[in-house]
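Values reported hereafter were calculated over all heavy atoms of this structure, with side chains retained and with hydrogens, waters and symmetry mates removed. Sequence positions, counted from 1, serve as the residue numbers for this chain.
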Amino acid sequence: MDQISAIVEAIGAWLAGLVFSSVTILGVDIQLIVIWLFSGMLFFTLRLGFLNIRGFTTGFDVLRGKYEDKTAPGELSAFQALSTALSSTVGLGNIAGVAIAIAVGGPGAAFWMICIGFFAMSLKCAEVVLAVKYRVTHEDGSIAGGPMYYLSRGLAEQNRPILGRILGTLFAVFALFAFIQVIQVNQSYAQLTEVTGLERGGASALIYGLVIAAVAALVLIGGAKSIGRVTSRLTPLMCAIYLIGVLIVLAINAPAVPGAIATMVTDAFNPSAAAGGIVGAFVAGMRRAVYSNEAGVGSASIAHAIVKTRHPASEGFVALIEPFIDTIIICTATALVIITTGVWDDGYGDIAMTSAAFSTVSVWFPYVLAVSVTLFAFSTILATGYYGLRAIDYLTGHSSLARKIYLCFYCGLLPVGAIVNVETVTNLIDSMFFLLSLPNLIGVYLMHNVVSREIGIFRDYAKTYREASA
């Protein structure tokens, strides 16, 4: 067992060194994978003519059913698809990730996180447009889509079938491991032990992990519609609980809110701020933002792909809302709580910083955070479990047996996160996750004209629809 652990640790360390290699700019180390992801965000923001501004209200129009076609093919409504996607992206990164960014880059890092979230909107839109356009319908009537499908089918359409198959297969293989969520179980149980005094490891940890795994399996067995029903209720609930807690903290510290906002902005442009000055704050914020909203990784497009629509770009406009909620709203709320309570300068480095901010209200208030963290973790497990099942579908030709085996594998590993130190596999899983962006972004870049054309088609349709309804 020790030999296996040593091998896994060695592979994980080597892969992490490769994936997270960095260059030094103005004295600050910047990981190449972060530059790769941000470059995609910037490119599509410019290529689509700042659609994240021009198309934002259109996204809400689609979401509330303005252009709904009840006879359109698909399995989920626009709201259910968005909720499932948000279940994956809204998670511990919004709570612990913000704290880590501020600990490393100071309050200014939070400002840069918001800016990166703005650029992420356009890239997320592009991925979703392609996912809906190149989705497939299986013989049993179920629909599947996502990077592995648009890479293979979209590039084949451009007379690059071999490249498409290679990139699609690479994405699916990486996805099988990248979506395993032992970290979510581990960190959510860690927060639970902080507020309840439960022991780390032991029987209580095993019970927690088994309950999470059992409930997740029951939902995942039901397929996309079951997941959509659960996440469409769970996502608004978990966001509401967390944001209500945040609002209570901010209400108590209301006089400090304007100063906190000013601190974020001024610190972002302060040459002496934190480690590395302006560049250090920018890199810290950029790193956590791209990790949080997953734009460029392509994962969320798997959920959006099964929406009920005849127009691929309609769901692309809805996808603009996802980074806005995930990074701009929830991450900003977390940052304000941390800065207004003053705990950002108390030596904390992770989720303990957010917990300390909540405890300034009352000794019991971190329980609210614990509930939020558990819900965030569970929703992420559901969404990524579905993504993993779609990856195995792609690789095995929609084999029912393969799905069952992968589901057992996925859920069977979840309790491990609660009872053991998961640092051994963390590097391996994290590396696989960000490796997804390599085949994904290569394909999305090559199909940028397809994205632009589909957006134009839907805008013409929406204009005609409005004129007919006038």
Side-chain angles (χ1 to χ4, degrees), residues 90-114 117 184 186-200 236-268 270 273-275 281 284-285 288-289 291-292 325-378:
V90 175
L92 296 179
N94 303 91
I95 300 174
V98 175
I100 293 170
I102 292 175
V104 174
F111 172 84
W112 293 119
M113 284 191 76
I114 297 168
Q184 295 287 335
N186 180 271
Q187 291 299 296
S188 60
Y189 183 71
Q191 177 61 21
L192 198 62
T193 61
E194 287 292 324
V195 298
T196 62
L198 290 171
E199 62 177 328
R200 298 293 294 268
L237 174 64
M238 70 184 190
C239 290
I241 291 174
Y242 181 65
L243 290 176
I244 288 171
V246 165
L247 290 173
I248 292 173
V249 177
L250 294 179
I252 292 174
N253 296 280
V257 172
I261 296 172
T263 298
M264 279 196 296
V265 176
T266 56
D267 199 70
N270 184 353
R288 301 318 310 179
Y291 290 177
S292 172
I325 294 174
D326 169 78
T327 307
I328 297 178
I329 293 181
I330 297 181
C331 288
T332 300
T334 303
L336 287 175
V337 163
I338 289 170
I339 298 170
T340 57
T341 55
V343 299
W344 69 273
D345 204 23
D346 289 347
Y348 299 105
D350 51 22
I351 196 171
M353 184 186 293
T354 314
S355 185
F358 270 63
S359 68
T360 60
V361 173
S362 170
V363 292
W364 60 266
F365 212 61
Y367 280 94
V368 176
L369 182 63
V371 171
S372 298
V373 167
T374 301
L375 292 177
F376 283 174
F378 181 66

Note to self: I want to check something: taking the side chain as every heavy atom from C-beta on, are M264 and L336 in contact at a cut-off of under 4.5 Å?
What the structure shows: yes

Checklist line | Qualifying residue, where the test is side-chain contact (heavy atoms from CB on, under 4.5 Å) with T332 and the options are V98, I114, T327 | finding: I114

Notebook entry, point to check: Donor-acceptor pair, N253 side chain versus V249 backbone, under 3.5 Å?
Noted result: yes

Next item on the list: Identify the heavy atoms of M113 and A101 that sit nearest to each other, and give their distance.
Entry: SD-CB, 3.9 Å

Next item on the list: Might you point out which heavy atoms bring V343 and A357 nearest each other, and give the distance in Å?
Entry: CG2-CB, 3.8 Å

Check: If you round to the nearest 0.5 Å, how far is OG of S372 from CG of L237?
Finding: 9.0 Å

Check: For the atom pair CH2 (W112) and CG (D267), what is the distance rounded to the nearest 0.5 Å?
Finding: 11.5 Å

Note to self: So does I330 get a backbone contact from the side chain of T334, meaning a donor-acceptor N/O pair under 3.5 Å?
What the structure shows: yes

Item checked: Nearest heavy atoms of P107 and W344, plus distance in Å -> CD-CZ3, 3.5 Å

Item checked: Validation row: Y189, T374 side chains within 4.5 angstrom (heavy atoms) -> no

Next item on the list: Nearest 0.5 Å please: distance from the OH atom of Y367 over to the OG atom of S355.
Entry: 11.0 Å

Item checked: Distance-minimising heavy-atom pair for I339 and A260 -> CG2-CB, 3.6 Å

Check: Looking only at heavy atoms, which two atoms of L192 and A370 are closest? And how far apart?
Finding: CD1-CB, 4.5 Å

Note to self: What's the separation between atom CG in L250 and atom CG in L243, rounded to the nearest 0.5 Å?
What the structure shows: 10.0 Å

Check: Would a 4.5 Å heavy-atom cut-off, applied to side chains only, mark V246 and F358 as touching?
Finding: yes

Note to self: Quick check: closest heavy atoms across T263 and T266, and the distance to 0.1 Å?
What the structure shows: O-OG1, 3.3 Å

